[in-house]
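Below you'll find the structure, written out as structure tokens, and then a few comments.
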Protein chains: 2
Amino acid sequence: MDDCGNYKNYLNEHGMKSTKQRNLLLSILAKIQTPQTAEKLYLQAIKSDSSINLSTVYRVLEKFTEKNITIRTSFLDDKSVYSLYPKTHQHQLICMRCKKIVLLEHCPLEDFEKSVEESTHFSVVNHRLELYGYCRQCQKIIAMG
Amino acid sequence: MDDCGNYKNYLNEHGMKSTKQRNLLLSILAKIQTPQTAEKLYLQAIKSDSSINLSTVYRVLEKFTEKNITIRTSFLDDKSVYSLYPKTHQHQLICMRCKKIVLLEHCPLEDFEKSVEESTHFSVVNHRLELYGYCRQCQKIIAMG
DNA sequence: GTCTTAAATGCAAATAGTTTGCATTTGCAT
DNA sequence: ATGCAAATGCAAACTATTTGCATTTAAGAC
């Protein structure tokens, strides 16, 4: 298990114990940068450690999310997906056909939120923005009928 | 059943039969303007028609969504919610404490989508935007500790 | 009005993604 | 090494939603 132990300090800093399973899932998430379902992460994990359990994957991801190591979201009505807590604020552009996900670094909502706060008297603390469309590849395939 | 039959033309125009259950759900949705879960709509419906079945509610909503009579979405990781297909493009502002939903009519994404299309070569066809925060009422409650 | 037929519905069971209970194992401080 | 709380494996349970099937119903033709 090459990756075991790599994230021990990181986990300890977040008030968590460094377990084999946690290190494994962190290394998988670090390798696959885009959001993944719990099941997909589980399927990756059993390639390295066949004893890991799906419920453990869910539990680890839940704990990670609680400690702001990962974030959890979902796209349209799909399953929950998890990714490492982004270093910079970002959004997603998702191809509706092949499900490819492109990360978008620029956020256009700052002024909008300010004006919404003024007109609604809400305090806005978070938002969710995804763009959906078709990637170049899928546009070609769709155009061919 | 006062509302039975009110939406017969509307349903026929959308290629659907006018049933008691469909009319009832349409009238409930028209009365409650904000997105509702299937279960909540079911609970409202049985007040008028105790014979209606939850699976029928789901089926009706599914069919409505297919015919663009309603839209289906979900907020954060909550249950699916349904609302009448909005006459104008809109987004939602959701209070994270009391779940109150405010509809936002202005959409700030037009220019953003154009620039994303140019930088990614995607064709953007849809988006999803929600703002989350705290309403005035809940801000007061939170401030009181 | 009657008849026909495909769609819609009620009811109960099934599904799928996720969570929970409990016994056992493990990380980590001492 | 010891002790203890947290983490894990395994199987069962939960929850929101979907599905199968028999029955009912809307709507068009006549």
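Chain identifiers are assigned alphabetically (A, B, ...) following the order of the sequence lines, protein sequences preceding nucleic acid strands; residue numbering begins at 1 within each chain.
Across all strands shown, A:Glu39 has no heavy atoms under 4.0 Å from either base or sugar-phosphate atoms. Using a 4.0 Å heavy-atom cutoff across all strands shown, A:Arg22 reaches sugar-phosphate atoms only and no base atom.
When the C1' atom of D:dT18 is taken as reference, atom OH of B:Tyr82 falls 11 Å away, rounded to whole Å. The nearest whole Å value for the distance from the CD atom in A:Glu62 to the P atom in D:dA6 is 16 Å. When rounded to the nearest whole Å, the span between CZ of B:Arg59 and C1' of D:dT23 equals 13 Å. The separation between A:Lys63 atom NZ and C:dT20 atom P is 13 Å, rounded to whole Å. Atom CG of A:Leu41 is separated from atom P of C:dG17 by 14 Å (rounded to the nearest Å). Distance B:His14 NE2 to C:dA8 C1': 19 Å, rounded to the nearest Å.
With hydrogens and angles ignored, the 3.5 Å screen pairs a side-chain donor or acceptor of B:Arg22 with a backbone N or O of B:Lys17.
For A:Ser80, whose side chain is taken as the heavy atoms from C-beta onward, the closest listed nucleotide among D:dA27, D:dG9, C:dT18 is C:dT18. Looking at the side chain of A:Tyr58, the nearest of the listed nucleotides C:dA8, C:dT20, C:dG17 is C:dG17. For B:Leu54, taking side-chain heavy atoms from C-beta onward, the closest of the listed nucleotides C:dG10, D:dT17, D:dA27 is D:dT17. Considering only side-chain atoms of A:Asn12, the nucleotide from D:dA26, D:dC10, C:dC28 that sits closest is C:dC28. The side chain of B:Lys17 approaches C:dA8 more closely than any other nucleotide in the set C:dA8, D:dT8, D:dA7.
Searching all strands for a Watson-Crick or G-U wobble partner of D:dA11 with both distances below 3.5 Å returns C:dT20. Pairing partner, D:dA26: C:dT5, with both Watson-Crick or wobble hydrogen-bond distances short of 3.5 Å.
Close to C:dC11, at under 4.0 Å from its OP1 or OP2, lies a side-chain N or O of B:Asn53. For B:Lys20 and C:dA8, the shortest distance from a side-chain N or O to OP1 or OP2 is not below 4.0 Å. Contact annotation: A:Gln21 does not reach the phosphate of C:dT26 (side-chain N/O to OP1 or OP2, under 4.0 Å). Put simply, B:Lys8 has a side-chain N or O that comes within less than 4.0 Å of OP1 or OP2 on D:dA27. Contact between the side-chain N/O atoms of B:Lys79 and the OP1/OP2 oxygens of D:dT17 is not found at any separation under 4.0 Å. Considering only side-chain N and O atoms, B:Ser51 lies nowhere under 4.0 angstrom from the phosphate OP1 or OP2 of C:dT9.
A:Ile94 pairs with exactly one of A:Leu131, A:Asp78, A:Val102, A:Ile101 by the side-chain contact (heavy atoms from CB on, under 4.5 Å) rule, that one being A:Ile101.
For the residue pair B:Asn12 / B:Ser18, no side-chain donor-acceptor distance below 3.5 Å is found, with atom types taken as modelled. A side-chain donor from one of A:Thr34 and A:Gln36 sits under 3.5 Å from a side-chain acceptor of the other. Looking at A:Thr65 and A:Thr70, their side chains do bring a donor and an acceptor atom within 3.5 Å of each other.
On a pure distance criterion of 3.5 Å, a polar donor-acceptor pair joins the side chain of B:Ser55 and the base of C:dC11.
Within a 6.0 Å radius of OH in B:Tyr85, other residues, nucleotides and ligands contribute 12 heavy atoms or fewer.
Sequence order on DNA chain D of the closest nucleotides to B:Met16 and B:Arg72 puts B:Arg72 first from the 5' end.
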